[in-house]
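Read the structure below first, then the notes.
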Amino acid sequence: MANKNRFGNIYLVLVFLVLYAPILYLMYYSFNSGGTMHEFEGFTLQYYKEVFADTRLIIIVINTLVIALLSSALATIIGIMGALAIHQMQNRRVKNTLLSLNNVLIVNPDVIIGASFLILFTMVGIKLGFYSVLLSHIAFSVPIAVIMILPRLQEMSPSLVDAARDLGASRMDVLTKVILPFIKPGIYAGFFMALTYSLDDFAVTFFVTGSGYSTLSVEIYSRARQGVSLSINALSTLIFLFTVLLVVGYYFIMRKANRNGKKEPAAEMGVPR
């Protein structure tokens, strides 16, 4: 048993090493004064200053954050409604069909989704730019929100809803004071997963973005094709650190939610025992 645990630990270390070594290599050379990724000549913050001095890049960062936050919020709201609709369905065949269709959208290749949206927007006359990117990000984020919220709904005891209705609560009171507080961890999970996917997405955005409008993933790809520049390393390092902050923030939110979830549900939601 000890040998198996030791082998498992070594394997885990090797996996993380393979995953993080290229990122650490990129981050290390973002401070190289030599301007190349072949030999480290000295420490400098020049490339970080170039990133913050690039007005166009700052605008693209703002565009990316606006798209990510808006699409994640709207997708989470739609995901809540979708998860509630699927959860309340009585016909098991229809329910399983909708779940399968939802899961297909998650595993479907981004290239196909991006090309489909490009054809759709071209047919209906939507100009490629902010709105096309926003609609696309909402569309591929909704299934993610649904798949995060639905398990939390399935864990909820029907007695909570029945007790609230017996006490005279309206349908809106049941939703806002019983259901939403219970599924709050799933809502947070759906929002943060959608936010991460939106910030990370390249393939779909590449198809639906227009001239004069760009996001960070598309901009980094465009700059990388022009040649190696350590400003790309600096920008990628900042994005990685921002992602780490998101993950840490999500961890503490979920930890707090799980701690609160250990309380008795009836007492948590104000339902008399």
Side-chain angles (χ1 to χ4, degrees), residues 68-110 112-114 116-117 119-120 124 134-198 201 204 250 253-273:
L69 292 172
L70 267 179
S71 64
S72 302
L74 294 173
T76 303
I77 294 172
I78 299 172
I80 292 172
M81 295 187 290
L84 286 170
I86 294 174
H87 179 67
Q88 293 175 359
M89 277 191 177
Q90 302 299 325
N91 191 318
R92 184 173 295 274
R93 180 174 296 178
V94 176
K95 187 175 183 177
N96 291 335
T97 301
L98 289 175
L99 282 173
S100 299
L101 291 174
N102 183 80
N103 295 337
V104 165
L105 291 175
I106 295 176
V107 300
N108 200 36
D110 289 344
I112 296 177
I113 296 176
S116 301
F117 277 121
I119 295 171
L120 174 64
V124 300
L134 178 61
L135 291 173
S136 301
H137 282 228
I138 292 173
F140 70 67
S141 297
V142 167
I144 299 169
V146 170
I147 207 69
M148 291 291 170
I149 296 170
L150 195 57
R152 190 67 181 173
L153 278 172
Q154 293 170 343
E155 292 175 4
M156 186 176 66
S157 174
S159 61
L160 292 175
V161 177
D162 294 338
R165 288 176 176 170
D166 290 341
L167 292 171
S170 64
R171 298 184 68 176
M172 184 58 66
D173 288 335
V174 171
L175 176 63
T176 57
K177 297 180 180 179
V178 178
I179 297 177
L180 290 183
F182 190 91
I183 65 173
K184 191 183 296 182
I187 294 173
Y188 286 144
F191 175 80
F192 278 102
M193 284 296 292
L195 183 67
T196 304
Y197 269 74
S198 180
D201 180 72
V204 176
Y250 169 74
I253 289 174
M254 293 303 297
R255 183 179 178 183
K256 183 179 178 180
N258 290 333
R259 191 184 299 118
N260 293 336
K262 292 179 181 179
K263 299 177 183 179
E264 188 176 349
E268 177 81 7
M269 298 171 197
V271 179
R273 288 170 288 182

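I179 CD1 to K184 NZ: the interatomic distance, rounded to the nearest 0.5 Å, is 14.5 Å. With rounding to the nearest 0.5 angstrom, the CD1 atom of I86 is 10.0 Å from the CG atom of L153. From I187, atom CD1 reaches atom CE of M148 across 13.5 Å, with rounding to the nearest 0.5 Å. Rounding to the nearest 0.5 angstrom, the gap separating the OG atom in S136 from the CG atom in L120 is 8.5 Å. The line from CG of L101 to CG of N108 is 11.5 Å long, rounded to the nearest 0.5 Å.
Closest heavy-atom contact between F191 and A73: CE1-N, 3.7 Å. Among all heavy-atom pairs drawn from P151 and I147, the shortest one is CD-O, 3.1 Å. Taking all atoms of both residues into account, the shortest heavy-atom contact from A139 to F117 is CB-CZ, 3.2 Å. In this structure, A164 and V174 approach most closely via the heavy-atom pair CB-CG2, 4.1 Å. The two residues K95 and M89 have their closest heavy-atom pair at CD-O, 4.0 Å. A145 and G79 make their closest contact through CB-CA, 4.1 Å (heavy atoms, listed as atom of the first residue, atom of the second, distance).
Looking only at distances, no side-chain donor or acceptor of R165 sits under 3.5 Å from a matching main-chain atom of S170. A donor-acceptor contact shorter than 3.5 Å links the side chain of S71 to the backbone of A68.
Remark: of the listed residues N96, T97, L98, L98 is the sole one forming a side-chain contact (heavy atoms from CB on, under 4.5 Å) with V94.
Between I149 and H87, every side-chain heavy-atom pair lies at or beyond the 4.5 Å cut-off. Under the 4.5 Å side-chain criterion, counting only non-hydrogen atoms from C-beta, L74 is not in contact with V142. Side chains of I113 and L105 form no contact here, defined as non-hydrogen atoms less than 4.5 Å apart. Contact annotation: the side chain of L150 approaches that of L99 to within less than 4.5 Å [non-hydrogen atoms, C-beta and beyond]. By the 4.5 Å heavy-atom criterion applied to side chains, V204 and D201 are counted as neighbours. Between L175 and L84 there is a side-chain heavy-atom pair separated by less than 4.5 Å.
Crowding of Y197 atom OH: a count of heavy atoms from other residues, nucleotides or ligands under 6.0 Å not exceeding 12.
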Do I183 and E155 pass the side chain to side chain contact (heavy atoms under 4.5 Å, CB included) test, and can you show the C-alpha distance, the side-chain angles, and the key distance before you say yes or no? CA-CA 9 Å; I183 65 173; E155 292 175 4; over 6 Å; no
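Inspection of the S100 and N103 side chains reveals no N or O donor paired with an N or O acceptor under 3.5 Å.
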